[in-house]
Amino acid sequence: MAAIVSEHLLDWYDAHARDLPWRARPGEPLPDPYRVWLSEVMLQQTTVAAVKPYFEAFTTRWPTVEALAAAPEEDVMAAWAGLGYYSRARNLVKAARAVADLGSFPDTEEDLRELPGLGAYTAAAVAAIAFGQRAVVVDANVERVVARLFALKEPLPGVRKAIRAATDAIAPDSRAGDFAQAMMDLGSSICTARDPKCLLCPLERDCRGRAEGDPALLPVKAPKKEKPVRQGRAWWIERDGAVWLVRREGTGMLGGMRALPDDGWSAKGDGTGEPPIEGHWEALGMVRHTFSHFALELTVQRSAAPEQPERAGEWWPLDRLEEAGLPTLFAKAARLALAS
DNA sequence: TAATCGTGGGC
DNA sequence: TGCCCAAGATT
């Protein structure tokens with residue numbers, strides 16, 4: 001059974017593999033570990049369509065891990081703006097510098113796992129794809145494919161242990177990277193979450209979920225919690241064709257990113273409403289933004305005759321605002337201010 | 001174990 | 001249009 005499944009899958013992959021920028025070039029057996037690592041981090045909880053332009057921009061600007069390691073962190077954060085989950089960018093810089101110090105990329109799953117931002121999935125994926133090593137690569141696609149293939153009906157997250165064991169059982173000893181990517185391609189294009197296209201699936205005859213009933217019902221997921229709606233304020237302080245930007249501290253929400261000064265809103269509660277400087281504030285309106293675990297209604301106010309804020313920050317030229325790397329929430333607020 | 005941490009594509 | 005979801009890691 002196990003060997004048959006991987007054979008069917010790899011035959012399908014040979015005919016239908018997607019052509020993606022981080023995959024091996026024709027004639028090269030294995031792709032560049034730097035490009036594999038970078039793509040895998042960008043792809044964490046992020047769609048291929050969203051990643052493509054960022055991958056192109058990063059690899060053009062920083063073609064090697066040494067180049068990325070030499071970059072100022074704030075440049076990398078700004079380049080990551082809009083992609084989300086900014087701890088990935090903070091860890092990316094740390095990992096690049098660690099690799100540069102080592103002199104070369106770690107080439108085992110165990111050593112890769114030591115790099116910041118590489119968890120069980122990413123370490124296994126890089127080991128398999130970039131170094132051809134057998135590894136158990138389990139992402140959300142593989143979870144779905146395997147839960148259906150073996151008709152695993154226990155709900156997530158409890159079923160993950162069984163999924164890992166089942167994946168290990170069907171993973172071949174050769175073509176480790178192709179197998180992992182084939183499972184993910186199958187999950188993203190055929191064995192999709194809502195509407196699996198079983199008639200096109202190379203594993204239809206092997207699939208217990210298909211034989212037993214409706215594979216779309218697997219894997220069973222826990223009900224999701226509702227998101228609270230928080231209130232906050234942000235301030236647009238403009239002088240001589242420049243706007244006052246701050247850099248958010250720490251490792252929490254949008255940590256390390258440039259931003260408008262705000263009133264301390266968070267997932268836990270509303271902001272204080274207290275402005276950063278004295279003065280007359282003009283109401284510009286409100287932007288709504290939904291994060292992973294809460295929604296925010298951000299009221300934007302503008303000051304036309306400001307003093308220099310006391311808090312650390314910088315006057316950023318309006319004609320270069322795109323380069324500031326504002327995360328999407330503050331890009332929305334900036335758009336509102338510039339349209340007012 | 002469960003919460004935290006973003007965003008945009010696709011339906 | 002609102003909601004589901006995605007090549008998860010970290011604490």
Side-chain angles (χ1 to χ4, degrees), chain A residues 17-18 20-23 31 35-55 77 80-92 94-95 112-130 135-145 155-158 160-161 164 167 177 179-189 191-195 216 219 221-229 248 250-257 259 266-268 288-296 325-332:
Chain A
R18 288 179 291 177
L20 298 172
W22 43 86
R23 289 191 170 168
R35 295 168 66 88
V36 173
W37 162 67
L38 179 62
S39 70
E40 289 299 340
V41 173
M42 286 183 166
L43 286 162
Q44 288 167 5
Q45 297 290 287
T46 309
T47 59
V48 166
V51 164
K52 275 183 175 174
Y54 284 86
F55 182 81
M77 301 302 294
W80 197 273
L83 204 52
Y85 286 146
Y86 297 100
S87 64
R88 294 185 294 173
R90 297 192 298 267
N91 285 331
L92 193 76
K94 291 181 192 166
L112 286 161
R113 186 70 179 76
E114 298 301 312
L115 296 173
L118 278 81
Y121 163 76
T122 306
V126 174
I129 297 168
V136 183
V137 182
V138 183
D139 75 325
N141 287 303
V142 177
E143 278 184 358
R144 189 170 57 251
V145 170
L156 288 169
R160 290 210 166 102
K161 193 167 187 176
R164 168 161 290 276
T167 306
F179 178 78
Q181 292 176 95
M183 291 286 281
M184 295 189 280
D185 273 19
L186 188 75
S188 68
S189 63
C191 196
T192 56
R194 294 175 192 165
D195 181 31
K221 294 189 174 183
K224 59 182 188 313
K225 303 196 313 183
E226 76 177 82
K227 299 177 179 181
V229 179
R248 296 174 64 88
T251 59
M253 283 290 300
L254 311 179
M257 300 300 289
S266 76
K268 302 290 187 188
R288 299 175 198 277
H289 190 74
T290 302
F291 296 105
S292 52
H293 53 300
F294 70 103
L296 180 66
L326 293 177
T328 299
L329 168 68
F330 293 109
K332 286 183 184 177

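Chain naming here is simple, since letters A, B, ... match the order of the sequence lines and numbering starts at 1 in each. Since we're looking at a predicted model, the values are computed, not measured.
B/dG8 sits 24 Å from C/dT10 when the C1' atoms are compared, rounded to a whole Å. Separating the C1' atom of C/dA9 from that of B/dT1 is a span of 15 Å, rounded to the nearest Å. Rounded to whole Å, the separation between the P atoms of B/dA3 and C/dA7 comes to 23 Å.
In this structure, A/L20 reaches the bases: a heavy-atom distance under 4.0 Å links it to at least one base atom across the strands shown. At a threshold of 4.0 angstrom between heavy atoms, the contacts of A/A120 are confined to the sugar-phosphate backbone, with no base atom among them. When heavy atoms are screened at a 4.0 angstrom cut-off, A/R18 is found touching base atoms of the nucleic acid. Base contact: A/W22 has a heavy atom under 4.0 Å from a base atom. Counting any heavy atom pair closer than 4.0 Å across all strands shown, A/R23 reaches a base atom.
Comparing A/K224 and A/L43, the nucleotide of DNA chain C nearest to each residue sits closer to the 5' end for A/K224. Along DNA chain C, the nucleotide nearest A/N91 and the nucleotide nearest A/V48 are compared for position; the residue whose nucleotide lies closer to the 5' end is A/V48.
Annotation: A/F291 is not in aromatic contact with A/H293 [ring centroid separation under 6.0 Å not met].
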> Reading nucleotides 3-11 of chain B 5' to 3', which nucleotides get B (base under 4.0 Å from a protein heavy atom), which S (sugar-phosphate only), which -?
Replying inline: SSBBBS-BS

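Counting only heavy atoms from C-beta outward, the side chains of A/L92 and A/W80 approach each other to under 4.5 Å.
Around atom CZ of A/R288, no more than 12 heavy atoms belonging to other residues, nucleotides or ligands sit under 6.0 Å away.
Taking the side-chain hydrogen bond (donor to acceptor under 3.5 Å, both in side chains) definition, one finds that A/R90 meets it with nothing, sequence neighbours left out. For A/Y121, the side-chain hydrogen bond (donor to acceptor under 3.5 Å, both in side chains) criterion is met by A/E40, not counting sequence neighbours. Among residues two or more places apart in sequence or in another chain, the side-chain contact (heavy atoms from CB on, under 4.5 Å) test is passed with A/T46 by A/A50, A/V51, A/L83, A/R88.
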Hey, can you pull the donor-acceptor pairs under 3.5 Å for the side chains in residues 136-143 of chain A, sequence neighbours left out?
unit_1: A/D139; atom_1: OD1; unit_2: A/N141; atom_2: N; d: 3.2
unit_1: A/D139; atom_1: OD1; unit_2: A/V142; atom_2: N; d: 2.9
unit_1: A/D139; atom_1: OD2; unit_2: A/N141; atom_2: N; d: 3.4
unit_1: A/D139; atom_1: OD2; unit_2: A/N141; atom_2: ND2; d: 3.0
unit_1: A/N141; atom_1: OD1; unit_2: A/R144; atom_2: NH2; d: 2.9
unit_1: A/N141; atom_1: OD1; unit_2: A/S188; atom_2: N; d: 3.4
unit_1: A/E143; atom_1: OE2; unit_2: A/R160; atom_2: NE; d: 2.4

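Checked by atom type and distance alone, the side chain of A/T192 never pairs as donor or acceptor with a backbone atom of A/S189 at under 3.5 Å.
Put simply, chain A comes within 4.0 Å of DNA chain C, heavy atom to any atom, from C/dC4 to C/dT10, going 5' to 3'.
A distance of 13.0 Å separates CG in A/L38 from OH in A/Y54, rounded to the nearest 0.5 Å.
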